[in-house]
> 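Once you've had a glance at the structure underneath, I'll fire off some questions.
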Amino acid sequence: MNRTSPSSRLVSSAARSPADRAETLRRSCGLHANVAGPQAAIAICAQAIVVARTADPATHHRTGRRLAKVLAGAGDAAGALAVLDALPRAQEGLEGALTAWVRAEALQGLQRAPEALASAQEGARQLILAQRSDSALLEYTAITDYWLGRTSAAAGDVSAAQANLQRALDRQRGLDAANPEYAEYRLYLTRILRELGRLPGGAAHAREADELAEGLRARDPQRAEYRDL
């Protein structure tokens with residue numbers, strides 16, 4: 001007769017927990033969104049949030065945020081905002097920052113520019129809180145500046161957009177130069193350049209964004225997030 005040890009039974013039980021299943025589906029959703037596009041990932045995200053509602057609040061929130069991001073990427077900004085509004089409150093720090101950036105994207109998609117900017121500012125505040133206890137999170141600072149710049153541009157404040165995006169660019173260039181093998185840094189560098197390219201006098205930045213995007217697509221031509229650059 002096969003016997004399992006208490007520790008094996010514990011691992012098996014943990015693997016079947018709602019939190020574990022929700023996290024597995026959440027990650028699968030993110031992978032599908034990046035590779036096949038957000039529309040292709042919605043069904044998996046929907047499965048994940050059903051499971052996550054029976055898990056702890058932090059898991060529920062992270063899973064719902066992923067669904068909201070996918071919906072925003074698929075063009076359903078109203079649906080994304082509705083999902084965010086129904087979630088448990090985000091934990092302060094990095095979780096709060098990540099959620100604020102998704103909310104900013106959804107609000108910008110709805111052309112609610114002042115609210116999108118306010119959400120980006122909240123994301124910056126939350127990231128500062130997180131960085132006080134974890135200096136490794138300094139690498140997220142460029143993303144904060146990217147969102148501040150992007151939402152400032154949508155709100156009509158071109159000078160603030162220029163300043164924030166230039167600061168993001170300087171930081172992200174450093175990360176990319178130090179880690180040329182890490183495509184995520186190159187991806188955000190391209191996004192920052194793309195936003196700068198949309199501002200007055202941004203033609204050179206737009207050309208550089210085109211070059212970097214072409215390089216990323218050559219690295220992985222099937223990846224949706226590279227095709228959309």
> Quick one: which of I49, I44, D20 gives a side chain to side chain contact (heavy atoms under 4.5 Å, CB included) with L25?
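Among I49, I44, D20, the one meeting side chain to side chain contact (heavy atoms under 4.5 Å, CB included) with L25 is I44.
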> What's the spacing between R217 CZ and T190 OG1 if we round to 0.5 Å?
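The distance works out to 9.0 Å.
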> How long is the straight-line distance from OH of Y188 back to CG of L193, given to the nearest 0.5 Å?
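Atom-to-atom, L193:CG and Y188:OH are 14.0 Å apart.
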> Can you tell me if R186 uses its side chain to pair, donor with acceptor, with the backbone of L216 under 3.5 Å?
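Not confirmed, R186 side chain does not pair with L216 backbone.
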> Closest heavy-atom contact between Q108 and A116?
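For Q108 versus A116, the nearest heavy atoms are N-CB, 3.8 Å.
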> Using modelled atom types only, decide if a donor and an acceptor are shared between the side chain of Q126 and the backbone of G93 within a distance under 3.5 Å.
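Side chain of Q126 to backbone of G93: a pair is present.
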> Can you name the nearest heavy-atom pair linking A41 to C29, along with the distance?
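So the two residues come closest at CB-O, 3.4 Å.
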> Restricting to non-hydrogen atoms, name the atom on P57 and the atom on P88 that form the minimum distance, rounded to 0.1 Å.
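That would be O-CG, 3.9 Å.
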> Give the cluster check for I143 versus L98: same hydrophobic cluster or not, with ILVMFWY residues linked at side-chain heavy-atom distances below 4.5 Å.
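Same hydrophobic cluster.
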> In the structure I gave you, are the side-chain heavy atoms of L165 and D145 within less than 4.5 Å of one another anywhere?
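Heavy-atom side-chain distance check fails, nothing below 4.5 Å.
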> For R27, does the CZ atom sit with more than 12 other heavy atoms under 6.0 Å from it, leaving out its own atoms?
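Counting other residues, nucleotides and ligands, CZ of R27 stays at 12 neighbours or fewer.
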> Just to verify, which of L169, I192, D210 counts as forming a side chain to side chain contact (heavy atoms under 4.5 Å, CB included) with H205?
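Of all the options given, the one that passes is L169.
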> Indicate yes or no: at least one non-hydrogen side-chain atom of Q172 is less than 4.5 angstrom from one of D176.
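Heavy-atom side-chain distance check fails, nothing below 4.5 Å.
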> Any link between V70 and L110 through a network of hydrophobic side chains (Ile, Leu, Val, Met, Phe, Trp, Tyr) touching at under 4.5 Å?
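Looking at the clustering, L110 is in a separate group from V70.
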> Hey, does the side chain of Q131 reach the backbone of L137 with a donor-acceptor pair shorter than 3.5 angstrom?
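Checking the backbone N and O of L137 against the side chain of Q131, a donor-acceptor pair under 3.5 Å is found.
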> Between CZ of R150 and CG of L199, what distance do you get to the nearest 0.5 Å?
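Reported value, rounded in 0.5 Å steps: 12.5 Å.
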> Can you tell me how far the CG atom of L87 sits from the CZ atom of R53, to the nearest 0.5 Å?
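So the gap between those two atoms works out to 9.0 Å.
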> Over all heavy atoms of both residues, which pair between T99 and R65 is shortest? Give the atoms and the distance, please.
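Looks like OG1-NH1, 3.1 Å.
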> Verify the cluster assignment for W101 and L189: are they in a single hydrophobic cluster under the rule of side-chain heavy atoms below 4.5 Å apart?
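Cluster IDs for W101 and L189 match.
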> For A58 versus Q91, what's the shortest heavy-atom pair and its separation?
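Smallest heavy-atom distance, with atoms named: CB-NE2, 3.9 Å.
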> Would you mind checking if R103 and D85 are paired as a salt bridge, meaning a charged N to carboxylate O distance below 4.0 Å?
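A salt bridge is present here (some side-chain N lies under 4.0 Å from a carboxylate O).
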> Looking at OG1 of T63 and CD of E23, how far apart are the two atoms once the value is rounded to the nearest 0.5 Å?
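Going from the OG1 atom of T63 to the CD atom of E23 covers 6.5 Å.
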> Does one hydrophobic cluster hold both V102 and Y140, with members joined at side-chain heavy-atom distances below 4.5 Å?
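Different hydrophobic clusters.
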> Does E195 pair with R198 as a salt bridge, N-O distance under 4.0 Å?
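Salt bridge between E195 and R198, a charged N being under 4.0 Å from a carboxylate O: yes.
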> Using every non-hydrogen atom in the two residues, find where A120 and W147 come nearest and quote the distance to one decimal.
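Taking A120 first and W147 second, the nearest heavy atoms are CB-O, 3.8 Å.
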> Is there a side-chain contact (heavy atoms from CB on, under 4.5 Å) between E92 and R125? Walk through the geometry before answering.
CA-CA 10 Å; E92 286 209 326; R125 188 185 75 82; 4.0 Å; yes
> Using atom types as modelled and distance alone, determine if a side-chain donor or acceptor of N179 lies under 3.5 Å from a backbone N or O of L175.
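Yes; judged by distance alone, with no hydrogens or angles, the pair exists.
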> Taking C-beta and beyond as the side chain, do P38 and L71 meet within less than 4.5 Å on heavy atoms?
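They are not in contact (no side-chain heavy atoms under 4.5 Å apart), so the answer is no.
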> Side chains of E225 and D228: closer than 4.5 Å at any heavy-atom pair?
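They are not in contact (no side-chain heavy atoms under 4.5 Å apart), so the answer is no.
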> First locate atom CG of L148, then atom OG1 of T141, and finally report the distance between them rounded to the nearest 0.5 Å.
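Atom-to-atom, L148:CG and T141:OG1 are 11.0 Å apart.
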> Out of curiosity, does L212 fall in the hydrophobic cluster containing L196 (side-chain heavy atoms, cut-off under 4.5 Å, transitive links)?
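Both belong to a single hydrophobic cluster.
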> With a cut-off of 6.0 Å (strictly less than), are more than 12 heavy atoms of other residues, nucleotides or ligands near NE2 of H32?
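It does not: H32 NE2 has 12 such atoms or fewer within range.
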> Assess whether atom OH of Y185 is packed by more than 12 heavy atoms of other residues, nucleotides or ligands within 6.0 Å.
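Enclosed.
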